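Each remark here refers to the structure printed beneath this line.
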Amino acid sequence: MQIIPPPRRVWVEVNLTTLRANYRKIATAVAPARVMAVLKANAYGLGAEPIARALVHTGVERFGVAEPYEALALAPLGLPVQILGSVLPEELPALVAAGIILPVTDLATAHAIQAEAEQQSRRVTVHCKIDTGMGRLGILIAEARDVIRQTVRLPNLDVEGIYSHFPVAYRAGEAYTQQQIERFLELLNDLTAAGIAIPLRHMANSDAINNFPHTARSPFNLVRTGINLHGSFDTEGRRVLNLEPVLALKTRLTAVRRLPAGTAIGYGLTHRLPRETAVGTISAGYADGLPLALSNRGYVLIRGIPCPILGRISMDYTTVALDQLPEATVGDEAICLGGEGPHGITVEDWANLKGTHPYEIICAIGTRVERRYL
Ligand SMILES: Cc1ncc(COP(=O)(O)O)c(C=O)c1O
């Protein structure tokens, strides 16, 4: 007998129409600069391939990823795919063969890519990654002129781009970011003076698009955006673009009970019912991405009614109060994230409750949560 699997208990709806609308708003705001859609970490957990497919015909210039498996998964879609972080020597054979655009983070990497390209009788497109102040990866600004001069001489490399990244571009107007931009522009000037013209120049992430819009203007001609595509913004900073959230996290009520006054709810006995209460249990917990920080604080929406979370969120289940919803029954849909109107729950709401940023909230949506694309 063929077993037909039941519906998933927890699912995240990813609205691809909204995603494309967000893309168009970003593209319009930065034009004539082009847009790299940053889909690393499986598009922040929402599914890189379906999201890339939704964007592939919108005019998006390329896809940005963090590492080889992400790059190789997107290569068949036909748009350029670029690794933004670092590459390791053992990764080069596959990446060069697949035509992935690679980062040059130091001279040794440039030589390693050259050797592999020569070995495969191929040309490789590279972007020089400059550390102007992120302190994570890349060619130090003081060494950049020399490293780039040597890199452009390597016969199998096409130096298509040069880029850098911001650690605090959510702080509008802050001198640190402004200094990074100035260092980068000085470097570009020096390279031009040395007769080195690099076609693509990019620094802006979502934060910079909103807080340092000149990083999307000449001489910059590409921006790299991830979180804005999802309709989210960093915790701090301006929200210039009028974007819509793309995701909703949903589950179902799996139990509805009346519990007597004094009943303790969940691990740690962190809540005791002050009176007899209608209580529901939903089929989602921290393994699905509900932050533990929502324990005794957040709410879910059932039939549009906010139902406060009681006690500590557990791995697979969360208990909620149903006093405002006597008609609730097992099987009712519970919206953990999303929903319309004043009670809608956003990624930013959860990030504030947890004291984190929206990236961590989106990336924490669990692997057993079904991704449904609308
Ligand atoms: C180098 C680089 N560029 C761009 C981005 C996109 O950032 P955001 O999602 O804030 O737009 C990231 C993500 O962290 C990144 O690491």
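Nothing fancy with the numbering, it's 1 onward along the sequence. As the structure is a computational prediction, the values presented were derived from the model and not from experiment. Ligands are counted one by one from 1 in listed order, and the atoms in each one are counted from 1 as well.
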Testing V14, L46, L229, L247 for side-chain contact (heavy atoms from CB on, under 4.5 Å) with L19, which one passes?
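Result for side-chain contact (heavy atoms from CB on, under 4.5 Å) with L19: L229.
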Given the rule in the side-chain contact (heavy atoms from CB on, under 4.5 Å) test, do H202 and H127 qualify, once you have shown the distances and angles that lead to the verdict?
CA-CA 10 Å; H202 46 115; H127 285 219; 3.0 Å; yes
From NE2 (H111) to CG (L157), nearest 0.5 Å:
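If we round to the nearest 0.5 Å, H111:NE2 and L157:CG are 9.5 Å apart.
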Please tabulate, one line per pair, the protein nitrogen or oxygen atoms found under 3.5 angstrom from a nitrogen or oxygen of ligand 1, with distances to 0.1 Å, or say none if there are no such pairs.
| residue | atom | partner | partner atom | Å |
| --- | --- | --- | --- | --- |
| ligand 1 | 3 (N) | R224 | NE | 2.8 |
| ligand 1 | 3 (N) | R224 | NH2 | 3.4 |
| ligand 1 | 9 (O) | Y44 | OH | 2.5 |
| ligand 1 | 9 (O) | G226 | N | 3.4 |
| ligand 1 | 9 (O) | I227 | N | 2.8 |
| ligand 1 | 10 (O) | Y359 | OH | 2.5 |
| ligand 1 | 11 (O) | S206 | N | 2.9 |
| ligand 1 | 11 (O) | S206 | OG | 2.5 |
| ligand 1 | 11 (O) | G226 | N | 2.9 |
| ligand 1 | 14 (O) | K40 | NZ | 3.0 |
| ligand 1 | 16 (O) | R136 | NH2 | 3.3 |

Minimum-distance pair of heavy atoms, taken over all atoms of R53 and L77:
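R53 and L77 have their closest heavy atoms at N-CD2, 3.7 Å.
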Is it the case that the ring center of F220 lies less than 6.0 angstrom away from the ring center of F184?
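Yes, the ring of F184 comes within the 6.0 Å limit of the ring of F220, centre to centre.
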Before giving the answer on side-chain contact (heavy atoms from CB on, under 4.5 Å), spell out for R371 and I365 the whole-Å C-alpha distance, their side-chain angles and the decisive distance to 0.1 Å.
CA-CA 10 Å; R371 274 72 176 154; I365 293 175; 3.8 Å; yes
